[in-house]
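Residue numbers start from 1 in every chain, and the chains themselves are labelled A, B, ... in the order their sequence lines are given, proteins ahead of strands. Since the model is a prediction, treat every value here as computed from it, not as a measurement.
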Amino acid sequence: MRISAILLSAAFTVATFMALPAYAQSEPVILTIDGAIEGGKPVDFTMSQLEALGTATIVTSTPWTEGTPTFDGVPMRVLLEHVGAKGETAEVLALNNYQTSVPVIDFTTYPVILATKMDGEYMTVRNKGPLFIMYPFDAVPELQAEIYLSRAAWQVRTITIK
Amino acid sequence: MLPRAWFRQLVLVVLVVLAIAAVVHARAVQDSAAAVQDSMRFDVSWIGAQGRIEAGQLEAKVALYAALRRPQDARAAEMFYQILLGRLDSWNVGGYRDFLQASPPSQQAYDELQALLTSVEAEFTDLTKVDDMPALLERLSPVSSIIDRIGAEASISAVAKAAAIRDTLTERQTIQDYLVTTLLIAAGVLLVLTALQNRNLRAAHKAVQQASERYAYSARHDPLTGLPNRTAFSHPDHSLFRDMANRRAAVVVIDLDGFKVVNDTWGHIFGDKLLTAAAHRLRDLVGVRPGNVVARLGGDEFVALLNVSDEAEAVAFANKIIEALKRPFEIDGSVTTIGATAGVALAVDDNWDTLSLMADADLAQSHTKSRNKGTVGLYDPGLRERVERRLTLENQLRTAIEKKEIFPHYQVQVDLQTGALVGVEALARWHHPQLGLISPAEFIPIAEASGQIFNIGKYMIDCACRDALRLPANVPVAVNISVIQIMQGEIMDTVAEALMMSGLAPQRLKLEVTESVMMMDRRRAIAVLSELRYLGVAIALDDFGTGFSSLSYLSTFRWDELKIDRSFLQNLDTDPLGLSIIQAVLVLARKLGAKVIVEGIETDNQLQLLKKTGCHVGQGYFFGRPAPIDTVCELISAMPPPTSAATRRKSDSTR
């Protein structure tokens with residue numbers, strides 16, 4: 001089961017690399033995952049490659065947004081499984097150089113997503129895009145603490161697995 | 001001791017205090033939690049700091065592009081412009097907006113920054129088209145200082161907020177301190193109250209225990225003598241007997257003799273003192289061996305449980321008890337003597353039961369008391385049978401007369417010289433449907449004890465008078481009467497009525513009484529007998545020579561006849577002494593003017609010996625056994641008729 005999942009994800013990765021030249025010029029890389037992952041080499045993602053992994057939705061208020069927006073994005077658990085992450089911590093670096101460190105266990109404990117859309121729209125850099133780590137703050141009150149708020153990084157660019 | 005009402009009120013107060021403390025504590029915790037939440041959510045200075053970094057990045061990228069003119073630096077500067085705009089947007093929501101609205105200098109700075117960034121929007125659409133980069137740098141130069149102004153304000157606000165939160169927390173802390181103190185005091189008060197209450201409870205418990213011990217003691221002890229009572233005695237410690245090899249349990253029931261007389265003569269107080277003294281004597285005597293118990297059954301009855309090796313030891317011990325009780329008691333300066341009768345019952349094995357042993361011993365005691373007062377009687381299974389038979393007879397005696405189960409048999413009395421009939425004696429017979437023929441020796445004492453003797457006596461006299469009419473003229477009929485009948489005095493009416501109803505001449509009726517009649521109330525006995533004799537009825541002294549044999553009563557009453565007891569005839573053949581006594585009685589009787597009848601003649605040899613002594617009249621199996629009147633009538637018809645000599649002798653002797 002586990003072996004077949006790894007093989008499947010490996011096959012996916014190969015397919016992605018093979019397909020890469022065709023999209024390289026039209027779609028920019030928005031996310032790079034490196035560190036302790038399958039194959040040891042950094043993996044780049046475009047928006048469509050990310051969305052191809054499947055998405056989930058979180059509806060929640062945050063201290064930085066008005067009302068209760070709907071966030072769509074790739075579950076972090078799925079994303080890290082996809083790259084075969086082997087570490088316990090995800091070091092997140094944002095475009096604005098904001099750095100935060102998220103324990104990987106957060107992604108299996110809570111349905112955390114790497115949001116690509118807010119209220120159905122892709123997020124611009126000005127609007128905390130293009131990627132925003134989102135916890136279900138409203139659904140899980142224990143998350144409404146500084147430690148989790150600091151992990152909800154926006155304008156995410158690189159994730160390093162350690 | 002704390003009064004109950006006070007205790008309740010105190011407990012109530014403590015409960016109310018605790019309830020208030022609980023509510024205050026809950027609110028304090030809630031407030032504290034809210035304050036902590038506050039401190040985490042709206043750390044405005046933190047968001048401000050990020051903005052300061054982003055502004056720095058923007059300036060750095062723009063400067064880098066201005067210096068090197070590399071396109072990637074332009075893209076980076078454009079991105080940081082967007083990031084900074086995004087930062088400004090995020091300052092316009094939630095807690096940061098609240099802060100801005102509350103702080104006019106910050107709001108002014110924010111608006112200024114917004115205006116500044118908006119003014120360079122065109123340049124940042126595509127930075128590569130801007131020629132005068134130094135001018136753009138110059139325009140952007142206030143950004144950082146504006147953000148610093150906001151940051152400073154935010155910092156002051158955050159510090160103030162933190163101080164407020166700290167104050168709240170400190171305040172709550174103080175409240176909680178008070179609460180803890182209150183709780184400790186309440187706990188202390190409760191502890192003290194509990195201790196007091198415990199002391200009360202302990203005292204109450206002790207009182208109850210003492211009372212229950214007192215009740216338990218009085219439930220198991222006789223208040224007068226202090227001995228265990230019947231209840232306590234019924235549950236002895238069996239293990240004391242089981243643990244000792246070859247030991248058996250014996251129960252001795254002791255009844256004081258003559259206590260009632262002492263009680264009636266000297267009064268109850270004296271009687272109670274005597275009982276107590278007797279109890280102490282018993283206790284000292286019986287309590288010498290483990291397992292031995294002495295108890296008071298009630299009245300003047302005591303019971304002892306003894307630990308003995310055999311029957312002989314039990315009886316010896318019982319005798320020791322009797323002897324001890326016979327020793328004089330000195331009470332209030334006067335000396336009193338009483339006796340005691342004991343009954344002993346022994347357990348046959350280890351599975352004995354006190355109550356049944358006690359019942360056996362009691363039976364032995366009452367049996368002994370009725371026969372040999374002042375001695376020790378040992379229970380045997382036959383005793384119970386006898387007593388049960390006695391009970392059965394006593395119960396059925398009443399109806400036995402009605403059912404004609406009791407009726408007279410007659411035995412002839414003959415002239416020893418001529419063999420002629422001189423009289424008959426009526427003897428009561430009870431033919432019991434189940435038990436068969438019952439001897440008068442057995443049922444007459446029962447009838448005397450139960451009072452049935454009057455009915456039986458009257459019936460016997462009635463029958464005898466009626467049946468006598470069927471006998472040859474001048475043949476008298478003798479009927480035995482009981483001492484009790486004489487003492488009650490009803491015998492006069494019974495005899496008079498029987499004679500009148502039957503029409504029998506009084507001279508033909510003879511009443512036989514035993515020596516014991518003179519033992520009771522001699523004066524009264526003589527009065528009644530004299531009255532009967534005045535009627536014309538003859539009075540015979542039965543069983544002469546047995547019992548107490550005081551000769552004095554021979555002189556106080558004019559007996560018509562002396563009946564020599566059959567016991568004198570038993571060894572007549574070999575023992576000349578018996579014959580000598582008979583001869584002496586004959587001499588005595590002649591002086592007194594009384595006739596002599598010898599009872600129990602069974603052999604011809606006896607008859608010949610008696611003939612020689614000059615005895616006149618005899619009766620016994622040799623002449624005929626007691627039989628119903630019809631049979632006797634037939635027997636009589638075969639006998640020589642009464643001679644004139646016999647009649648003459650009779651008239652001589654009665655003179």
For this session: Heavy atoms only, distances under 4.5 angstrom: which of B:Leu88, B:Val93, B:Asp89 has the most pairs with chain A? Name it, please.
Result: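 Highest number of heavy-atom pairs under 4.5 Å: B:Val93.
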Should we say atom [atom1] of [X] is surrounded by more than 12 heavy atoms from elsewhere, each under 6.0 Å from it?
X        : atom1 : value
A:Lys86  : NZ    : yes
B:Gln108 : CD    : no
A:Glu88  : CD    : no

Exercise. Can you tell which of B:Arg87, B:Gln82, B:Met79 makes a side chain to side chain contact (heavy atoms under 4.5 Å, CB included) with A:Asn96?
Worked result: B:Arg87
Exercise. Residue by residue, which of residues 102-120 of chain A have a heavy atom closer than 4.5 Å to a heavy atom belonging to chain B?
Worked result: none
Problem set entry | Shortest non-hydrogen contact between A:Lys128 and B:Gly86, atoms and distance | NZ-O, 4.4 Å
Seminar exercise, completed: Applying salt bridge (charged side-chain N to carboxylate O under 4.0 Å, His left out) to A:Asp72 and not counting sequence neighbours gives none
For this session: Would you please test A:Arg126 and B:Ile83 for side-chain contact (heavy atoms from CB on, under 4.5 Å) and show each step?
Result: CA-CA 5 Å; A:Arg126 174 170 180 173; B:Ile83 286 169; over 6 Å; no
Problem set entry | Segment of A:Gln155 engaging chain B (4.5 angstrom heavy-atom cut-off) | side chain
Exercise. Non-hydrogen atoms of chain B under 4.5 Å away: do they reach the side chain of A:Thr65, the backbone, both or neither?
Worked result: backbone
